[in-house]
Amino acid sequence: MLAPWIAPSILSADFARLGAEVDAVVEAGADLIHFDVMDNHYVPNLTVGPVVCAALHRRGLTVPIDVHLMVSPVDRIVPEFAAAGATYISFHPEATQHIDRTIALIRDHGCRPGLVFNPATPLDYLDYTLEFLDLVLIMSVNPGFGGQRFIPTTLRKLAAARTRIDAAGREVRLEVDGGIKTDNIRAAARAGADTFVAGSAIFGSQDYARTVREMRAQIA
Ligand code: DX5
Ligand code: ZN
């Protein structure tokens, strides 16, 4: 198992003070910054793009940026996020025409590809892709909004993804995204997740460092 990573989602940050908010969660012990990109087309919400990613990158972030693309089409925007300092770039298989091509495009631009599974999307998409991925992201809410309730069937999906990743014998992160709090992070870890996105649970708390610490204690 890889060392567990906590990935605060900027979706729940105060966007008027985004740089300071990101600095604060890094200071609080974040391992990764989860950057949610929504286009009001693939998902019914609109957030931020490569310009904002580049601005955070230029700030001199000491942790990698984990770009979660909830956009369609995908390919056009990949080079822009690579140039903007993304380390991981993940996308939804339903959002692109040619999944294998999009994975290769992300890799060719020097980033680590991830594939994202909505709650009702089968893991079959991993059959011919897992060997090319560095990250599998299991959505535990329907994509589009922060602050939603964790969908419990995600746990058996995480377990199934864990089995596949272990069988593949490659270093692939298993990330869970949506409704993760201090009181359910342990269940997600037990099911096999090693990378934990948390938006409202961290940015909605009074003390970011304490929340990150409590999450780590739960999964230790
Ligand atoms: C939802 C996003 C999540 C979201 C999670 O579409 O992908 O990353 O920010 O927020 P919480 O942790 O509040 O569910
Ligand atoms: Zn996300």
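When a ligand or atom number is given, it counts from 1 through the structure's own listing order. Predicted model only: the values in this text are computed from it and were never measured. The first residue of the sequence shown is numbered 1, and numbering continues consecutively from there.
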Salt-bridged, Arg59 to Asp23, with N to O below 4.0 Å?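 Asp23 and Arg59: salt-bridged.
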Below 4.0 angstrom, N of the basic side chain to O of the carboxylate: do Arg112 and Asp66 qualify?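 Salt bridge: no.
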Protein heavy atom at shortest distance from [atom]:
atom                    : result
atom 12 (O) of ligand 1 : Gly199 N, 2.8 Å
atom 9 (O) of ligand 1  : Ser9 OG, 2.8 Å
atom 10 (O) of ligand 1 : Gly146 CA, 3.6 Å
atom 3 (C) of ligand 1  : Asp177 OD1, 2.9 Å

Would you mind running through ligand 1 and noting each atom that sits below 4.0 Å from a heavy atom of [X]?
X      : result
Ala198 : 12 (O)
Gly178 : 14 (O)
Val197 : 8 (O)
Phe145 : 1 (C), 6 (O)
Gly179 : 11 (P), 12 (O), 14 (O)
His68  : 7 (O)
His34  : 8 (O)
Met38  : 6 (O)

Where do Ser140 and Lys157 land on the side-chain hydrogen bond (donor to acceptor under 3.5 Å, both in side chains) test, with the steps shown first? CA-CA 9 Å; Ser140 36; Lys157 198 176 201 176; over 6 Å; no
Does ligand 1 have any atom that is closer than 4.0 Å to a heavy atom of Phe150? no
Quick check on Lys181 - does any of its heavy atoms sit under 4.0 Å from an atom of ligand 1?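 The answer is no: ligand 1 sits nowhere under 4.0 Å from a heavy atom of Lys181.
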Short N/O distance, under 3.5 Å, between Gly147 and ligand 1? yes
side-chain contact (heavy atoms from CB on, under 4.5 Å) test vs Phe117 passes for just one of Asp124, Leu137, Val136, Leu158, namely Val136
Evaluate the ring planes of His68 and His34, with Trp represented by its six-membered ring, and classify them as parallel (under 30°), tilted (30 to 60°) or perpendicular (over 60°).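 Because their plane-to-plane angle lies in the 30° to 60° range, the rings of His68 and His34 count as tilted.
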How long is the span from the OG1 atom in Thr87 to the CZ atom in Phe35, to the nearest 0.5 Å?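 It is 12.5 Å, given to the nearest 0.5 Å.
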Give, rounded to 10 degrees, the angle between OD1 (Asp36) and ND1 (His68) as seen from the Zn ion (ligand 2).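 Centred on the Zn ion (ligand 2), the OD1/ND1 angle is 90° (to 10°).
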Check all N, O or S atoms of Asp177 and name the one closest to the Zn ion (ligand 2). OD2
Within a radius of less than 6.0 Å around CD of Glu94, do more than 12 heavy atoms belonging to other residues, nucleotides or ligands occur? yes
Is the count of non-hydrogen atoms from other residues, nucleotides or ligands lying under 6.0 Å from Glu131 atom CD greater than 12?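 Check passes, neighbour count above 12.
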Before giving the answer on side-chain hydrogen bond (donor to acceptor under 3.5 Å, both in side chains), spell out for Glu21 and Tyr208 the whole-Å C-alpha distance, their side-chain angles and the decisive distance to 0.1 Å. CA-CA 10 Å; Glu21 287 273 78; Tyr208 300 167; 2.8 Å; yes
Shortest reach to atom 6 (O) of ligand 1 by a heavy atom, considering only Gly144, Ala201, Ser200: Gly144
Ile89 vs His109, test: side chain to side chain contact (heavy atoms under 4.5 Å, CB included). Steps then yes/no. CA-CA 10 Å; Ile89 300 181; His109 281 80; over 6 Å; no
Measure across Phe145 and Leu11 and return the closest heavy-atom pair with its distance rounded to 0.1 Å.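 That would be C-CD2, 4.0 Å.
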